[in-house]
Amino acid sequence: MNIDFLDRVLLYMKEHTSFSASRESVPEFKDEDDELLATALQKLEKDGYVYTTTSVFKSGNTNTTYHISYDGLLALESCPNSWRNRPYRWGVQKEKLNGIWSITKIVAVVVNALIVLIFTYLTYFKE
């Protein structure tokens with residue numbers, strides 16, 4: 001599943017407040033996206049961004065409706081301006097930045113250790 005599609009579905013949920021899975025198609029999504037919509041909503045529910053309510057009719061049929069949760073609203077609004085309304089894409093970028101930062105810290109420690117060793121070596125031969 002595409003991360004950008006998850007972001008679009010979450011933003012759709014914010015704009016429309018609820019979604020019933022019994023709909024045939026959603027005009028905001030392409031026909032091939034409609035097939036992935038149920039899976040995307042299940043993923044969003046698993047992540048805590050969406051919750052469901054189930055209605056049981058007298059005929060015995062059930063209807064599941066998806067609603068955006070408070071965590072979903074916070075996820076949309078807590079992204080930096082360049083990643084506004086794209087929490088999944090921001091999460092991927094944040095992981096990449098954390099990896100780069102970790103490597104940078106390791107390189108800085110190694111360079112610092114080498115500089116200390118060089119100055120110690122030069123000081124030893126100077127005396």
Side-chain angles (χ1 to χ4, degrees):
M1 184 173 318
N2 190 350
I3 291 172
D4 295 322
F5 183 68
L6 287 172
D7 288 335
R8 284 183 29 225
V9 172
L10 188 58
L11 187 59
Y12 174 84
M13 292 300 299
K14 177 184 176 187
E15 294 169 352
H16 293 88
T17 65
S18 66
F19 174 79
S20 178
S22 63
R23 288 188 184 173
E24 292 297 319
S25 66
V26 181
E28 286 83 354
F29 299 107
K30 300 177 206 167
D31 290 338
E32 57 270 7
D33 290 342
D34 285 338
E35 298 171 4
L36 295 174
L37 195 55
T39 307
L41 287 167
Q42 290 171 354
K43 168 73 172 143
L44 291 171
E45 184 179 17
K46 180 182 168 198
D47 292 344
Y49 295 153
V50 169
Y51 66 94
T52 60
T53 56
T54 304
S55 304
V56 179
F57 299 105
K58 290 181 183 178
S59 63
N61 294 334
T62 60
N63 183 26
T64 302
T65 306
Y66 292 89
H67 307 276
I68 190 164
S69 68
Y70 191 71
D71 287 338
L73 291 172
L74 285 177
L76 285 169
E77 294 174 3
S78 65
C79 299
N81 286 336
S82 59
W83 302 103
R84 190 54 123 207
N85 293 327
R86 294 185 288 175
Y88 284 99
R89 179 57 65 191
W90 166 238
V92 169
Q93 288 302 112
K94 193 163 59 168
E95 285 180 24
K96 288 179 183 177
L97 290 172
N98 285 340
I100 291 169
W101 180 243
S102 295
I103 291 170
T104 303
K105 290 188 295 186
I106 291 168
V107 168
V109 168
V110 169
V111 168
N112 185 32
L114 288 174
I115 290 172
V116 168
L117 286 174
I118 290 170
F119 279 128
T120 304
Y121 180 76
L122 292 175
T123 305
Y124 177 74
F125 280 114
K126 187 176 182 181
E127 294 176 357

For residues 85-95, run the donor-acceptor check on the side chains, cut-off 3.5 Å, and write out each pair with its distance to 0.1 Å, sequence neighbours left out.
{"from": "R86", "atom 1": "NH2", "to": "S82", "atom 2": "O", "distance (Å)": "2.8"}
{"from": "Y88", "atom 1": "OH", "to": "D47", "atom 2": "OD2", "distance (Å)": "2.4"}
{"from": "R89", "atom 1": "NE", "to": "D4", "atom 2": "OD1", "distance (Å)": "3.1"}
{"from": "R89", "atom 1": "NH2", "to": "D4", "atom 2": "OD1", "distance (Å)": "3.2"}
{"from": "R89", "atom 1": "NH2", "to": "D4", "atom 2": "OD2", "distance (Å)": "3.1"}

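Tracing side-chain contacts under 4.5 Å through hydrophobic residues (I, L, V, M, F, W, Y), one reaches F5 starting from Y49; they form part of the same cluster. Residues L36 and L10 share a hydrophobic cluster, clusters being chains of Ile/Leu/Val/Met/Phe/Trp/Tyr side chains in contact below 4.5 Å. Criterion: ILVMFWY side-chain heavy atoms under 4.5 Å apart, direct or through other members. Under it, Y12 and I3 are part of a common hydrophobic cluster.
S78 pairs by the side-chain contact (heavy atoms from CB on, under 4.5 Å) definition with nothing, not counting sequence neighbours. Considering only residues two or more places apart in sequence or on other chains, N61 meets the side-chain contact (heavy atoms from CB on, under 4.5 Å) condition with F57, S59. With sequence neighbours excluded, the residues satisfying side chain to side chain donor-acceptor pair (under 3.5 Å) with T53 are H67.
Hydrophobic clustering, defined by side-chain heavy atoms of Ile, Leu, Val, Met, Phe, Trp and Tyr closer than 4.5 Å, groups F119 together with I103, V107, V111, I115.
Shortest non-hydrogen contact noted between V116 and T120 is O-OG1, 2.7 Å. Residue K14 comes nearest to E77 through the heavy atom pair NZ-OE2, 4.0 Å, listed as atom of the first residue, atom of the second, then distance.
For the salt bridge (charged side-chain N to carboxylate O under 4.0 Å, His left out) condition, no pair includes a residue of residues 98-122, sequence neighbours left out.
L41 has its side chain within reach of M13: a pair of non-hydrogen atoms, C-beta onward, lies under 4.5 Å apart.
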Worksheet item: Hey, mind stepping through Y66 and H16 against side chain to side chain contact (heavy atoms under 4.5 Å, CB included) and telling me if it holds?
Response: CA-CA 10 Å; Y66 292 89; H16 293 88; over 6 Å; no
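The closest donor-acceptor contact from the side chain of S69 to the backbone of G48 lies under 3.5 Å.
Put simply, CD1 on I68 and CG on L73 are 4.5 Å apart, with the number rounded to the nearest 0.5 Å. Atom-to-atom distance recorded for D71:CG and L76:CG is 11.0 Å, nearest 0.5 angstrom.
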